[in-house]
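Below you'll find the structure, written out as structure tokens, and then a few comments.
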Number of protein chains: 2
Amino acid sequence: MNFDISLYLVTDRPLSKGRSHEYIVERAVKGGVTMVQLREKDISTREFYELALSLKKALEGTNVPLIINDRLDIALAVDADGLHIGQSDMPYEVARRLLGKDKIIGLSVETIEQAREANELDVDYIGLSPVFDTNTKSDINTPLGLAGIREIAGFTKHQTVAIGGINTSNTADIIANGADGIAVVSAIVSHDDPEAASAELSAIINKQKQSTCS
Amino acid sequence: MNFDISLYLVTDRPLSKGRSHEYIVERAVKGGVTMVQLREKDISTREFYELALSLKKALEGTNVPLIINDRLDIALAVDADGLHIGQSDMPYEVARRLLGKDKIIGLSVETIEQAREANELDVDYIGLSPVFDTNTKSDINTPLGLAGIREIAGFTKHQTVAIGGINTSNTADIIANGADGIAVVSAIVSHDDPEAASAELSAIINKQKQSTCS
């Protein structure tokens with residue numbers, strides 16, 4: 001499945017200031033978000049399933065893929081476009097076997113070594129996590145930093161999306177160091193105007209990609 | 001798939017006194033347990049998957065089905081014999097569509113009304129939960145009591161297994177009131193001798209079933 005990983009929104013209800021995922025995602029897509037990941041923790045399976053169904057409906061007709069974090073059962077149940085797994089989630093090979101070759105599967109890598117190991121897998125993209133310090137994930141390793149992004153981008157065969165502490169002030173640097181895209185949480189979901197926030201990030205990415213190519 | 005629901009062990013690591021699921025399950029099966037459910041909360045998907053794989057291996061050749069609680073992804077990943085869902089888990093119809101008709105699917109019902117609704121579904125069994133007060137589940141409703149068991153057994157078209165606060169002192173009453181089996185947690189997993197505990201429960205069930213039939 002073709003996808004554009006340049007501006008990847010990861011949901012977070014506690015950071016969304018009481019606004020629904022649909023509210024934020026519809027505006028973010030208008031602003032230029034190219035992929036959406038539904039990430040939920042501490043929620044019942046039924047609630048996760050219902051949120052995924054709603055979000056799928058909100059994305060219908062947009063060409064923006066819906067990716068489910070961790071939960072293959074939810075991805076299958078709503079026929080999502082893909083699954084994002086971390087190092088403590090389902091093994092990649094099992095996820096691929098159950099989802100089939102047409103779905104997008106992304107894998108988080110937290111170290112250079114894990115990025116090298118991912119070169120042995122036919123994942124569709126790798127998430128470089130975290131680039132910077134962040135408050136939105138509690139289980140993080142030492143940040144990879146821009147140097148880590150640059151090193152991984154130099155050898156990986158996969159598309160890369162950087163995540164962790166990314167906002168308008170550092171987006172251009174991340175793209176300049178070789179990431180194919182950025183994934184953001186609070187920079188969009190906590191912003192008073194998710195559409196404007198997305199549009200601003202999108203413009204920075206596009207500008208930097210043009211300058212890198214020229 | 002044929003199964004015998006008469007003595008159904010539900011795992012619980014915090015109650016297992018540091019002993020592994022394999023340790024307990026191997027002994028419990030020797031003692032007469034007829035089904036095993038792997039129930040895990042607050043665990044990574046990878047750990048859940050690995051526990052399920054180990055337990056599947058421990059049950060190989062025993063004819064005792066391995067049922068996974070809540071997580072359809074884990075059930076699929078290890079090709080378990082079935083899935084047990086509660087009222088806040090995946091909707092039954094979705095689970096059946098993804099698991100296929102050959103797998104066992106059980107559904108917890110917590111009220112008479114839910115038991116009536118379950119008559120519209122082709123679930124393989126219903127769990128009557130809880131029969132008595134219990135400390136092993138935190139999200140419980142008012143206990144159904146023996147009267148609730150008797151009422152549900154009178155109208156349900158499904159096999160029934162009672163759960164919640166069951167031990168050697170009340171097992172006979174539960175079977176006498178019409179349940180096809182009992183599900184236990186601490187009565188086996190916290191017992192110093194899981195094989196002896198299972199054998200004692202099994203003997204009570206068999207004796208009561210014979211007396212009911214004669």
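In what follows, chains carry the letters A, B, and so on, assigned in the order in which the sequence lines appear, proteins first and then strands, with residues in each chain numbered from 1. If you're wondering where the values come from, they're calculated on a predicted model, not measured in any experiment.
For the atom pair CG (A/Leu76) and CG (B/Asp73), the distance works out to 8.5 Å, reported to the nearest 0.5 Å. Between the CD1 atom of B/Ile85 and the CZ atom of A/Arg46 there is a distance of 7.5 Å, given to the nearest 0.5 Å.
Within 6.0 Å of atom NZ in A/Lys17, more than 12 heavy atoms from other residues, nucleotides or ligands are found, so the atom counts as buried in its surroundings. Counting heavy-atom neighbours within 6.0 Å of B/Lys41 NZ, excluding the residue itself, gives a total above 12. In this structure, A/Asn63 places its CG atom where only 12 or fewer heavy-atom neighbours from other residues, nucleotides or ligands lie under 6.0 Å away. Residue A/Lys157 places its NZ atom among more than 12 non-hydrogen atoms of other residues, nucleotides or ligands, all under 6.0 Å distant.
The candidate with the highest count of non-hydrogen atom pairs below 4.5 Å against chain B, out of A/Pro91, A/Ala77, A/Ser44, is A/Pro91.
Both the backbone and the side chain of B/Arg71 come within less than 4.5 Å of a heavy atom in chain A. For a residue to count as touching a neighbouring chain, one of its non-hydrogen atoms must lie under 4.5 Å from one of that chain's; by this rule B/Glu50 does not touch chain A. Interface residue B/Leu98: only side-chain heavy atoms are found under 4.5 Å from chain A.
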